[in-house]
Amino acid sequence: MTRTISFTLDGKTVSAREGQSIWDVAKEQGTLIPHLCHADRPGYKADGNCRACMVDIEGERVLAASCIRTPTDGMIVHTATERAEKARKMVVELLAADQPERNDSYDPDSHFWKMADLNGIDGSRFPARPLPTEDLSHPAMAVNLDACINCNLCVRACRDVQVNDVIGMAGRGAASKVVFDLDDPMGDSTCVACGECVQACPTGALLEKSVVGAPAIDRDVDSVCPFCGVGCQLTFKVRDDKILFADGRDGPANQGRLCVKGRFGFDYIHNPERLTKPLIRKAGVAKADIEGLDPANPLTHFREASWEEALDVAAQGLLKVKADKGPAGLAGFGSAKGSNEEAYLFQKLVRTGFGTNNVDHCTRLCHASSVAALLETVGSGAVSAPFNEVENSDVIVVIGSNPGVNHPVAATYFKNAVKRGAKLIIIDPRGQALSRYATHMLQEKPGSDVALLNSMMHVIVKDGLTDEAYIRDHTENFEALKTHLEDFSPEAMQERTGIAPEQIREVAHLFATAKAAIIFWGMGISQHVHGTDNSRCLISLSLMTGQVGRPGTGLHPLRGQNNVQGASDVALIPMFLPDYQSVEDPVIRGRFEDFWGAKIDPNQGLTVVEITEAIHHGTIRGMYIMGENPAMSDPNVTHAREALSMLDMLVVQDLFLTETAAYADVIFPASAWPEKDGTVTNTNRQVQMGRAAVPLPGEARQDLWIIQQMAKRFGLDWQYDHPRDVFDELTQVMDSIKGLSWDRLDREGSVTYPCESPDDPGQPLIFTDAFPTPSGRGQFVPASLVSPDETPDREYPVILTTGRLLEHWHTGSMTRRSAVLDAVEPEPVVHMPPAMIEELGIQPGDYVKVSSRRGHLKIRARADGGVQAGLIFIPFCYAEAAANVLTNDALDPFGKIAEVKFCAVRVEAAPDQAPTPQDSLQPPADPL
């Protein structure tokens, strides 16, 4: 129990919790003591170096820095004595001597000048010291060390909070200054542009470039980030109805932290390519003729239309398909980048208006196999613990995931845990930035996860490291798994995994004997034909060691997009109704039919790749796509693009003329995330509130409005006046969130589900007592070795894996249109082992041709020492070198997810000629 300290503060008896500083207690009591080096934010330790927060303590000869001094019982503290106030004023005046004139500074309203005002200081009597001034080398941030006061906040932000270790102090005395790496210009340093230093800087020495020399921000809007699944809470900084940047808020997932996308990546919504009017394909212009599009005017194949005409043409085209082919002739792709309310209404439209369960979204290409395994073994597709639980872990396993790129704010907590003393185990074929913090880095051969994980479990069983009591009381089928593991010794698996047996044994012992161990995995685990087996192994590993259901333990597949968890929860998937209730169960289906007032197809629908195949077979002839870009994200994308061109009616609802929209018959200009109100659910199961910050451009409309207009044309009488009306319906059909309400989320900002009642604070840890399976027990499911669908051979001897970049998101339709983000990483590259570049007789930066059995592309080569021999990596966000032209659409039989993390390719030196978008549309020169 925390001890309480009683002391006197400015004549009043107050209480402090053990560890609280005098400054903290004064703030709680309504007294703001001036401060400069104290951040007053989670993750920042008080430093006490600026001496701007001095207070007087009776009986002590010298003043004390209130941010680092803790009170003791009976202490008498005064914050406003003449001695304390004079000392604080002197400190601020001395620092003001080194500041540029207030009106000439980068930030005349900075925290420093506010503290100067609080102290009554408007200038300085003292001479200034000469300092270097501007560094404008970075696309997002400006450096003006003339305003620096050496408070060290930027150093602590970079070193202790984000743990990027880029910023330090150099020099001594009056010559001391902030430096980036080895005193490099910021733009040339290893800075990842998280902007934590900018948010921490109290003077404007570090500032967002977008506000330098510009009028003040005119409003702040609290919302949540629309990029990855971390779900960072943020505040949009708006001027003249434009978002200039964002600051982090103290949300449960980020505690004020952001990454480069979440801080600087919102100018995409103001891009001149933004769609602002409904469009209809011109008569006589074939969909397959996209090569004829003029890059300077990509809208030449479309004409503008009124909303009434566009909606009518779209609905009539889809209704005609339904009349000709029946409901099974239609399908819908929804979006994980929108709100829960939009995802729910979209799947409801497809099920009750179209009359089919052919509805899916990007989860099919993300964590479908993970969810399949979780539902099978533990009865729930959600994570068992938030990633923040690493603060209670002594062992952290990250496998098949690159959090520093895909979930950068989550990665900061992993690095914080390592600094605290936790052990970090990374298992991945490709090296990554997080590897430098790892205790163990197992760089396995691609596609060998089942072999490696089974060998770890073999060691745990053979060496008697299983948690027998947990297995007995909480699980089933362990004996079958135990027998299955007999043949998976580390020695027997070494040739397949490439990992030395002693490493396997060491890591297995470390995990099994940990007091609290947690596992995180990503698409490197899920995007394989054996993806479900990979996840089964991870679940078995946790169950056999009892590493689930307690603080610091658990199973956490890191969700990709900002609302992929929520979109799946509300049934934007073909086999489930909301809350993962089977569409094939007649009792469940009957309840929804009664509630929705419409019949529901009793059969599971088709998934993303299956829908593409159905189009090629002539079964599906009409599609409605909202916010998805399958012409870039689908595997074997040439095949997917051919399917889009074959549809009788394709309706696309999006922000830009994406690669998918180029095939559309009708295009609806939609709303971007900062232009709407709605809820999203992050990877931690935290349901959070997003708020509109800026108005819609031109004739663009809210996605909810567009969906309802389409529903009306399908005979559905929906009456939703506001997203809150849809959310209210969600709480009626989903037991997991029945304790939530729109008003509660608006007030609290974030609540973790399951949440069973209005006074339930939410349940961050689940599976603490039992599992939501029929028996209440977790199931062990043995996994056998399955080879990748396509392995290297003489003709295609190299393995290709794909993924994301830190600066860009998904297919790049948003981030490639952000000036800041595209300036940081403007061109596609293939990451290759340096030895492969040498073998090809080329230099880094030269073009290579990468070919698979499905297509080829030209791309620049980048030497990457983290890529093992025989492997290359290509990000899939660049239209001019679309990685999915190469990838394989073979499916995992359980999760129906494609094997985009493994295919066979050939790499050749290419003429020094830049590729075009058409290069990635061409079939292979020698198709098999």
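In this text the structure is predicted, and so the values were computed from the model without any measurement.
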[X]/[Y] ion pair, N-O < 4.0 Å:
{"X": "Arg41", "Y": "Asp250", "value": "no"}
{"X": "Arg3", "Y": "Asp73", "value": "yes"}
{"X": "Glu389", "Y": "Arg550", "value": "no"}
{"X": "Arg691", "Y": "Asp746", "value": "yes"}
{"X": "Arg744", "Y": "Asp760", "value": "no"}
{"X": "Lys89", "Y": "Glu85", "value": "no"}
{"X": "Arg125", "Y": "Glu93", "value": "yes"}
{"X": "Asp267", "Y": "Lys242", "value": "no"}
{"X": "Arg17", "Y": "Asp24", "value": "no"}
{"X": "Lys237", "Y": "Asp220", "value": "yes"}
{"X": "Arg83", "Y": "Asp56", "value": "yes"}

| request: Evaluate the criterion side chain to side chain contact (heavy atoms under 4.5 Å, CB included) for residue pair Cys197 and Cys158; output intermediate values, then yes/no. | output: CA-CA 6 Å; Cys197 59; Cys158 193; 5.7 Å; no

| query | Is it the case that Arg219 places NZ or CZ above or below the six-membered ring of Phe236, under 6.0 angstrom from the centre and within 45 degrees of the axis? | reply | no

Taking all non-hydrogen atoms of both residues, which atom of [X] and which atom of [Y] are closest, and how far apart?
{"X": "Asp107", "Y": "Gly204", "answer": "CB-CA, 4.0 Å"}
{"X": "Cys67", "Y": "His38", "answer": "CB-CG, 3.8 Å"}
{"X": "Cys53", "Y": "Ser66", "answer": "O-OG, 2.8 Å"}
{"X": "Cys191", "Y": "His138", "answer": "SG-NE2, 4.4 Å"}

| note | CZ of Phe245 to CZ of Arg263, rounded to nearest 0.5 Å, is 8.5 Å

| field | Point-to-point distance, once rounded to the nearest 0.5 Å, from CG of Leu258 to CD of Gln162 | value | 8.0 Å

Flag the pair [X] / [Y] as yes when at least one side-chain heavy-atom distance between them is below 4.5 Å, and no otherwise.
{"X": "Val14", "Y": "Phe7", "result": "yes"}
{"X": "Leu745", "Y": "Val687", "result": "yes"}
{"X": "Trp23", "Y": "Leu32", "result": "yes"}
{"X": "Leu510", "Y": "His440", "result": "yes"}
{"X": "Ile57", "Y": "Ile22", "result": "yes"}
{"X": "Met169", "Y": "Val179", "result": "no"}
{"X": "Val166", "Y": "Asp181", "result": "yes"}
{"X": "Gln233", "Y": "Ser750", "result": "yes"}

| So Ile425 and Thr439, side chain to side chain contact (heavy atoms under 4.5 Å, CB included) or not? Walk me through it. | CA-CA 6 Å; Ile425 301 167; Thr439 313; 5.6 Å; no

| query | Any sub-3.5 Å donor-acceptor pair from Arg559's side-chain atoms to Thr681's backbone N or O? | reply | no

| What do you reckon, is NZ of Lys423 surrounded by more than 12 foreign heavy atoms closer than 6.0 Å? | no

| Within a radius of less than 6.0 Å around NZ of Lys419, do more than 12 heavy atoms belonging to other residues, nucleotides or ligands occur? | yes

| task | Fit a plane to each ring of Phe414 and Phe520, take the angle between them on a 0 to 90° scale, and name the class: parallel (under 30°), tilted (30 to 60°) or perpendicular (over 60°). | result | tilted

With [X], the side chain to side chain contact (heavy atoms under 4.5 Å, CB included) member among [options]:
{"X": "Val55", "options": "Thr81, Asp10, Thr79, Thr31", "value": "Thr79"}
{"X": "Cys194", "options": "Asn164, Val260, Val409, Leu806", "value": "Asn164"}
{"X": "Ile519", "options": "Val395, Val397, Ile396", "value": "Val397"}

| said: What verdict does the side chain to side chain contact (heavy atoms under 4.5 Å, CB included) test give for Met141 and Phe264, after you've listed the backbone C-alpha separation in whole Å, the side-chain angles of each residue and the deciding distance to 0.1 Å? | reply: CA-CA 9 Å; Met141 294 171 283; Phe264 301 115; 3.6 Å; yes

| request: Test Tyr753 against Gln686 for side chain to side chain donor-acceptor pair (under 3.5 Å), laying out the working first. | output: CA-CA 6 Å; Tyr753 81 78; Gln686 288 153 346; over 6 Å; no

| Stepwise side chain to side chain contact (heavy atoms under 4.5 Å, CB included) test for Glu208 and Leu244 | CA-CA 9 Å; Glu208 300 85 0; Leu244 300 186; over 6 Å; no

